[in-house]
Protein chains: 2
Amino acid sequence: METLRERKKQRTREALLRTALELFTTEGYERTTVDDIAEAVDVSQRTFFRYFAGKEEAALALMEVTVAHFLQSVRERPPHEAPMEALRQAVVEGWDTLNDVIEAIAPVELYLRMCRMVESTPALLAAHLRRSVEVEEEMAAILAEREGVDMDTDPRPRLAVAVFGGVMRLTERQWSVGEDFSLDAMRALTVSYLEQVGPALSESWRTH
Amino acid sequence: METLRERKKQRTREALLRTALELFTTEGYERTTVDDIAEAVDVSQRTFFRYFAGKEEAALALMEVTVAHFLQSVRERPPHEAPMEALRQAVVEGWDTLNDVIEAIAPVELYLRMCRMVESTPALLAAHLRRSVEVEEEMAAILAEREGVDMDTDPRPRLAVAVFGGVMRLTERQWSVGEDFSLDAMRALTVSYLEQVGPALSESWRTH
DNA sequence: TTGTCAATTGTCAGTGGCTGTCATTAGCCT
DNA sequence: AGGCTAATGACAGCCACTGACAATTGACAA
């Protein structure tokens, strides 16, 4: 961001995003129109769509940051860890630093509110799930390289990630319908669920 | 479907669905407008939306049938089976009968084509994934009742289903990008992946 | 059979997300 | 200063979807 032009662009994008998130959280996602956002920032509607591919992209922008953060955490895991353990450590440890990462962009409370909104807004949930497919593909690639296997012939990277991702998405959802909306609660729920995956897959749940 | 009125409604719905699927598969999902469908059936656009909540619902109608079929298969599993084994058997066995179930509505080939279209069309994939969240919730409820546990306090039903669902969605996706577009190939891939989940979650993938 | 009631449909007008196009503006660089 | 290019605004248009109201059509009883 050297030139004036680039700084201006940056500021416009930030203004659009900040305004969008504020309107979403105060008025609701569906009740907020793109025109509302553009007008509040005093740009044309067309300009909004030059910065964001759609209304959803603005709403999911914060999630995107955490996704990138998580992927980076996975990449930085020491190579001696087993695949699933690396994933587990990446989330658990990634969460310790997530607070700062988000706070650099927006208040954490805003992020948490958006998370809940994503889970309760059909259009956003759909977009979020579709995005996670891509993320899982990337995660599988990271695992495959880590372990030195070929994703095209060995299904294990994708399988491991599919299982892990399934648990993660369940965590998000259950967190959003719970009553403790803190980052710590989410972290605790993640750890708890990952611990219980084994038992849940075991032979029988009944105590005989 | 006793009265004339009900029969007429049924016929209209079938005509809309049949026409929609035909246009989707020949022209493509996005290049087909709701107006095209309505016009081909000679009803107003408004009528289409009285039968389908949206364009997506028509496109996913066949999937919905297989989902219902699969859920029924799970319900009919003998209670002595362990949870995951019941799910596994339900898919494997459900597939033997799926052919007839679908053929009663539309050619299987059409169904398979739509499956691939769902995976390759962002809007449809998103809608499909969002729907799977609901399906998984229902499946968890079935498992919980089977095993006599309380979903609100015991996370195992949802966990088991999340893991299983993750593998299922991976199967769908990998099948759609493969080269064998048959029902048998899908069945085989399912069995194969379910077999390999264990190894994929195991300590290490490296041969030392 | 006819008249009444309710369900189904068509029409119309409108909203909102999103895109293409083109002229205008505004920063950049020599 | 002046030409070049990137960013924006303005406008027109497409398409999915909805609400409201009037017209039609089948159901059912008198």
Side-chain angles (χ1 to χ4, degrees), chain A residues 1-17 19-21 23-24 26-61 117-118 121-128 130-131, chain B residues 1-17 19-21 23-24 26-61 117-118 121-128 130-131:
Chain A
M1 38 176 160
E2 262 304 302
T3 75
L4 170 63
R5 211 155 38 201
E6 280 167 330
R7 265 176 290 148
K8 249 188 160 176
K9 260 177 70 174
Q10 193 75 13
R11 262 186 284 133
T12 304
R13 200 198 134 86
E14 277 166 15
L16 279 171
L17 184 54
T19 307
L21 293 178
L23 288 177
F24 290 159
T26 57
E27 309 290 325
Y29 175 75
E30 281 153 335
R31 275 187 302 278
T32 305
T33 71
V34 174
D35 287 302
D36 291 339
I37 303 168
E39 193 180 353
V41 182
D42 204 54
V43 294
S44 69
Q45 188 216 45
R46 195 66 182 84
T47 293
F48 175 91
F49 286 109
R50 288 198 177 98
Y51 283 92
F52 300 96
K55 207 176 139 183
E56 296 160 357
E57 192 175 299
L60 298 176
M117 186 171 291
V118 167
T121 308
L124 287 182
L125 179 58
H128 177 61
R130 184 188 47 196
R131 172 64 182 142
Chain B
M1 40 177 160
E2 263 304 304
T3 74
L4 169 62
R5 209 182 252 173
E6 279 167 332
R7 265 175 290 148
K8 252 187 160 177
K9 261 176 68 173
Q10 192 76 12
R11 260 185 285 132
T12 304
R13 199 198 135 86
E14 277 166 15
L16 280 170
L17 184 55
T19 308
L21 294 178
L23 288 176
F24 290 159
T26 57
E27 309 289 328
Y29 175 75
E30 282 153 334
R31 274 187 303 277
T32 305
T33 71
V34 175
D35 286 300
D36 291 339
I37 304 168
E39 192 179 353
V41 182
D42 204 54
V43 295
S44 69
Q45 187 216 45
R46 196 65 181 87
T47 294
F48 175 90
F49 287 111
R50 289 200 174 96
Y51 284 92
F52 300 96
K55 209 175 135 183
E56 296 160 358
E57 191 175 299
L60 298 176
M117 186 172 292
V118 168
T121 308
L124 287 183
L125 179 58
H128 177 61
R130 186 187 48 197
R131 172 64 182 142

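Throughout, protein chains are lettered first and strands after them, A, B, ... in sequence-line order, and every chain is numbered starting at 1.
Taking CG of A/L124 as the start and CZ of A/F24 as the end, the distance is 7.5 Å to the nearest 0.5 Å. Taking NZ of B/K9 as the reference point, atom CD of B/E6 lies at 7.0 Å (rounded to 0.5 Å). Atoms CD and CG, from B/E39 and B/L23 in turn, are 10.5 Å apart once rounded to the nearest 0.5 Å.
Taking atom CD of residue A/Q10 and atom P of nucleotide D/dA7, one finds them 12 Å apart after rounding to whole Å. Rounding to whole angstrom units, CG of residue A/L16 and C1' of D/dA7 are separated by 13 Å. Rounded to an integer number of Å, the gap from B/R5 CZ to D/dT24 P is 16 Å.
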Could you go through residues 43-51 of chain A and list every donor-acceptor pair under 3.5 Å that involves a side-chain atom there, pairing it with any protein atom two or more places apart or in another chain?
| from | atom 1 | to | atom 2 | distance (Å) |
| --- | --- | --- | --- | --- |
| A/S44 | OG | A/T47 | N | 3.3 |
| A/S44 | OG | A/T47 | OG1 | 3.2 |

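Residues A/K8 and A/R11 have side chains in contact (heavy-atom distance under 4.5 Å, counting atoms from C-beta outward).
Here side-chain hydrogen bond (donor to acceptor under 3.5 Å, both in side chains) pairs that include residues 26-35 of chain B, with residues two or more places apart or in two chains, are B/T33-B/D36.
When DNA chain C is scanned in the 5' to 3' direction for atoms under 4.0 Å from non-hydrogen atoms of chain A, the outermost contacting nucleotides are C/dG16 to C/dC28.
Taking A/E57 as the reference, A/F52, A/A53 meet the side chain to side chain contact (heavy atoms under 4.5 Å, CB included) condition, with sequence neighbours excluded. Residues passing the side chain to side chain contact (heavy atoms under 4.5 Å, CB included) test with B/A40 are B/T19, sequence neighbours excluded. By the side chain to side chain contact (heavy atoms under 4.5 Å, CB included) test, A/E14 pairs with A/Q10, sequence neighbours left out. Under the salt bridge (charged side-chain N to carboxylate O under 4.0 Å, His left out) criterion, B/R130 pairs with B/E56, not counting sequence neighbours.
Between D/dG26 and B/K8, a contact under 4.0 Å exists linking OP1 or OP2 to a side-chain N or O.
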Quick one: which protein N/O atoms are closer than 3.5 Å to N/O atoms of nucleotides 13-20 of chain D? Pair and distance per line, please.
| from | atom 1 | to | atom 2 | distance (Å) |
| --- | --- | --- | --- | --- |
| D/dA16 | OP1 | B/K55 | NZ | 3.0 |
| D/dA16 | OP2 | B/V34 | N | 3.1 |
| D/dC17 | OP2 | B/K55 | N | 2.8 |
| D/dG19 | N7 | B/R46 | NE | 3.4 |
| D/dG19 | N7 | B/R46 | NH2 | 2.9 |
| D/dG19 | O6 | B/R46 | NE | 2.9 |

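Within 4.0 Å (heavy atoms only), B/S44 reaches at least one base atom of the nucleic acid.
Axis angle across the helix from C/dT1-D/dA30 to C/dT30-D/dA1, with five pairs used at each end and values rounded to 10°: 0°.
The nearest pair of heavy atoms linking A/L17 to A/A58 is CD1-O, 3.4 Å.
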